[in-house]
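Just so you know, these numbers use all the heavy atoms, side chains as well, and skip hydrogens, waters and symmetry mates. Below, chain A is the first sequence line, B the second, and so on; all start at residue 1.
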There are 2 protein chains.
Amino acid sequence: MDRTRRRVGRPPRSEAGDTRAELMAAALKLFSRNGFVGTSIRAIAREVGLSESVLYSHFRNKQDIYQAAMRMAGPQGAITALDALDGLDSADPANFLVTLAERLFEIWDSPQSRQVASLLVRDGLLHDTALSDGIESAVARLAEVFNRWVAEGRLPADLGAAEDLAFALLAPIAHARMLWLHADASPGQRRTAHDRFVRHATLFARVTLGAPAPAE
Amino acid sequence: MDRTRRRVGRPPRSEAGDTRAELMAAALKLFSRNGFVGTSIRAIAREVGLSESVLYSHFRNKQDIYQAAMRMAGPQGAITALDALDGLDSADPANFLVTLAERLFEIWDSPQSRQVASLLVRDGLLHDTALSDGIESAVARLAEVFNRWVAEGRLPADLGAAEDLAFALLAPIAHARMLWLHADASPGQRRTAHDRFVRHATLFARVTLGAPAPAE
DNA sequence: ATTATCTATAGATCTATAGATAATGC
DNA sequence: ATTATCTATAGATCTATAGATAATGC
C-alpha cells in the first residue's frame, strides 16, 4: 500500500504487485470514507504510492474505477445468508432466527462489507433502488419461510402478515448495520451492532414463537 | 428562487426578498441532493439567481452555510413526537403506539425533514454520533413508557427488556424513513413509508399487547 | 514490441477576496 | 454612511491526455 516513490519506467518484476487490485481496494476505502466526489483520482493514486496517470491505464475514468471497486466487493447480502441457512429452517425456528442474525453479523462485519455499507449510504445508492430492493427481496424471501412455518403449525397464524413479520425482524438488523457496521466503526460500535442483532432476533423469537431463546 | 439576473448595485426595495433564508433553503436542497463536497458555492448562488460572491456577505465560508442550513431545518425527531404524545400514554397503549407512528410520519414527511434525512445519511452524520445518539435517546425515552406500562399491568412483564422492545418498535420505523422518506422521494415511496410505519406499529401492538389494532 | 510506470501540462472547475456600483435610511 | 449586490481575478485543485522511459517476454 505504501510503496516509496518509484523511479521512471516500468518497475522490475521483484517490485510488481497486483496494481489493479490495490487500486480498487484503495478506491473502495477512500470512496467509502469521503464519497465519490470527495475522492480524487490523485488521492487514490497517492494511497497506493503511484502517479495518478497510472489509473487511466487500468480504468477508463473515475466512474469506471467506482464500478470496478463495487463489482469486486460484491453483493454479500441477506439473501446469501438466508440461502446458506436453507437446511436449518425446518429444524428449530428460534434457533434459525438467532443463527440468521449471527450469520448476517459475520457477513456484514468484514472490513470490505463495512466499506460497501458506507458507500451505499453515501453515494445515493441508498436512494437508488439498489438497497431498498435488497431489503424488499430479503423480506419476501423470509416471508416464505414464515408462511411455511404457519402451514406446519410452528408459528401462530394470527400474528399478522408474514411480510410484516419479516420486516419486523430484518429492518432493525439492517438499521443497526447502517448505524454501527460502517467503514471506520470502532470495536465498541461493532460490539453494539452484534449485541443489537442478537438481542433483537432473540426478542423476536420469544415474542412470536413464545419460546425461550436458545443459549448462545 | 429563479430570479432573473440582476443588474449591478443594490437592488430596489421592490425586488428584495429574504435572501439569507433563500440561500439556506437552496443550500439544504443542493447539499441533500449532492452532498457537501458535491455542492459548490456557485451552484447555490445560481439556484437563487445571484452571484456567488454574495454568499460571502451572508456566511463566512462554505462550512458556515452548511451549519446555518442545518440549524434552520432543526432537529425534529422522535423525542419531539414522544413529548407531544405525553398525555396519551396512560389511556390506550395500542392507540398510543399507532398514533406515535402516524405522528412520526407527519414530522418526517415534510420536504425539509426529508432533505435533512438525505443530508444526515450523506455527509457522514450517519456515522457521526448525531443520528445514532438520536436513536439511542428516543429508545431510552420510549423504554421509560414501556416500563411504566409493565408496572401498571398494561404490558406483560415477560416479553423482554423494555429497551429491546423500544428498539424493536422504533428501528424499523427509522429504517423505513431512511429508505423512503428522502429528499426526492416519489409519492409512491412516501406511501410505502407511511404504510410501513403504520403496519409495523400495528403488528407490534398486536404481538406485544395481545390486542387488536385500533381502526385507522 | 509490449507493458507499466513516469513527468508535464491543458483546460475546467472551485473557494475566497478585492473593489466597484447603486439603492436605502438617517 | 451603510447595505446588497455585482465583476474580475488569484490561487488551488481536479480530470484527463500526450509523450517519455525502462523492464519484460517473445
task = Using heavy atoms to find the nearest nucleotide of DNA chain C for B:Gln63 and A:Ser51 separately, return the residue whose nucleotide is more 5′.
result = A:Ser51
ask   = Roughly, in whole Å, what's the span from CZ in B:Arg7 to P in D:dA4?
value = 16 Å
ask   = Taking atom P of C:dC6 as reference, at what distance in whole Å does atom CD of A:Glu52 sit?
value = 9 Å
query = Looking only at atom types and distance, does a side-chain atom of B:Arg20 sit under 3.5 Å from a main-chain N or O of B:His58, one as donor and one as acceptor?
reply = yes
message = Nearest to the side chain of A:Asn61, heavy atoms from C-beta on, is which of C:dT21, D:dA16, C:dC6?
response = D:dA16
task = Could you check whether the rings of A:Phe204 and A:Phe146 sit parallel, tilted or perpendicular, using 30° and 60° as the cut-offs?
result = parallel
ask   = Got a donor-acceptor contact below 3.5 angstrom from the B:Ser137 side chain to the B:Asp133 backbone?
value = yes
Test applied, side-chain hydrogen bond (donor to acceptor under 3.5 Å, both in side chains); reference residue, B:His194; option that passes from B:Gln189, B:Glu106, B:Glu102 = B:Glu102
task = Specify the separation, in whole Å, of atom CD of A:Glu22 and atom P of C:dT5.
result = 9 Å
task = Go through the steps for B:Glu163 and A:Arg199 under the test salt bridge (charged side-chain N to carboxylate O under 4.0 Å, His left out), then give the verdict.
result = CA-CA 10 Å; B:Glu163 202 209 323; A:Arg199 277 163 63 191; 3.6 Å; yes
query = According to a strict under-4.0 Å criterion, is B:Tyr56 in side-chain N/O contact with OP1 or OP2 of C:dA16?
reply = yes
query = When you measure from the side chain of A:His58, which nucleotide among C:dC14, C:dT5, D:dT17 comes out closest?
reply = C:dT5
A:Lys29 side chain vs A:Ile44 backbone, donor-acceptor pair below 3.5 Å = no
5'-most by nearest nucleotide on DNA chain C - B:Arg60 or A:Ser57 = A:Ser57
inquiry  = Quick check on D:dT5: is either OP1 or OP2 less than 4.0 Å from any side-chain nitrogen or oxygen of B:Thr19?
reply    = yes
note = To the nearest angstrom, the CG-P distance between A:Asp64 and D:dT17 comes to 12 Å
Please write out each protein N/O paired with an N/O of nucleotides 24-26 of chain D under 3.5 Å, distance rounded to 0.1 Å.
| unit_1 | atom_1 | unit_2 | atom_2 | d |
| --- | --- | --- | --- | --- |
| D:dT24 | OP1 | A:Arg13 | N | 2.4 |

request  = Determine, step by step, whether B:Trp149 and B:Phe96 satisfy the ring pair (Phe, Tyr, Trp, His ring centres under 6.0 Å) criterion, reporting the C-alpha distance in whole Å, the side-chain angles of both residues, the deciding distance to 0.1 Å, and the verdict.
outcome  = CA-CA 12 Å; B:Trp149 287 356; B:Phe96 174 87; 5.5 Å; yes
request  = Starting at atom CZ of B:Arg46, determine the distance to atom P of D:dT7, rounded to an integer number of angstrom.
outcome  = 13 Å
request  = Write down the distance between CD1 (B:Ile44) and P (C:dA16), rounded to a whole number of angstrom.
outcome  = 11 Å
task = Establish, with yes or no, whether the OP1 or OP2 oxygen of C:dT7 is under 4.0 angstrom from a side-chain nitrogen or oxygen of A:Ser53.
result = no
ask   = Heavy-atom contacts under 4.0 Å between residues 33-41 of chain B and DNA chain D, which residues?
value = none
inquiry  = Please check this pair: side chain of B:Ser113 against backbone of B:Ile107, looking for a donor-acceptor N/O pair closer than 3.5 Å.
reply    = yes
message = Taking Watson-Crick (N1-N3 plus N6-O4 or O6-N4) and G-U wobble (N1-O2, O6-N3), each under 3.5 Å, can you produce the dot-bracket string of DNA chain C? Use [ ] for crossing pairs and | for inter-strand ones.
response = ||||||||||||||||||||||||..
key: Sidechain-backbone polar pair: B:Arg114 side chain, B:Leu181 backbone, donor-acceptor under 3.5 Å   = no
query = Between B:His200 and B:Leu170, is there a donor-acceptor pair closer than 3.5 Å when you use the side chain of the first and the backbone of the second?
reply = no
message = Distance check needed: C:dC6 P versus A:Arg42 CZ, whole Å only.
response = 14 Å
message = Strictly distance-based, threshold 3.5 Å: is any side-chain N or O of B:Ser32 a donor or acceptor partner for the main-chain N or O of B:Leu119?
response = no
query = Taking the side chain of A:Lys62 as its heavy atoms from C-beta onward, which of D:dT15, C:dA16, C:dT21 lies nearest to it?
reply = D:dT15
inquiry  = Between A:Arg122 and B:Asp123, does the salt bridge (charged side-chain N to carboxylate O under 4.0 Å, His left out) criterion hold? Intermediate values first, please.
reply    = CA-CA 7 Å; A:Arg122 288 204 70 105; B:Asp123 275 311; 3.4 Å; yes
key: Interatomic distance, A:Leu50 CG vs D:dT21 P [rounded to whole Å]   = 20 Å
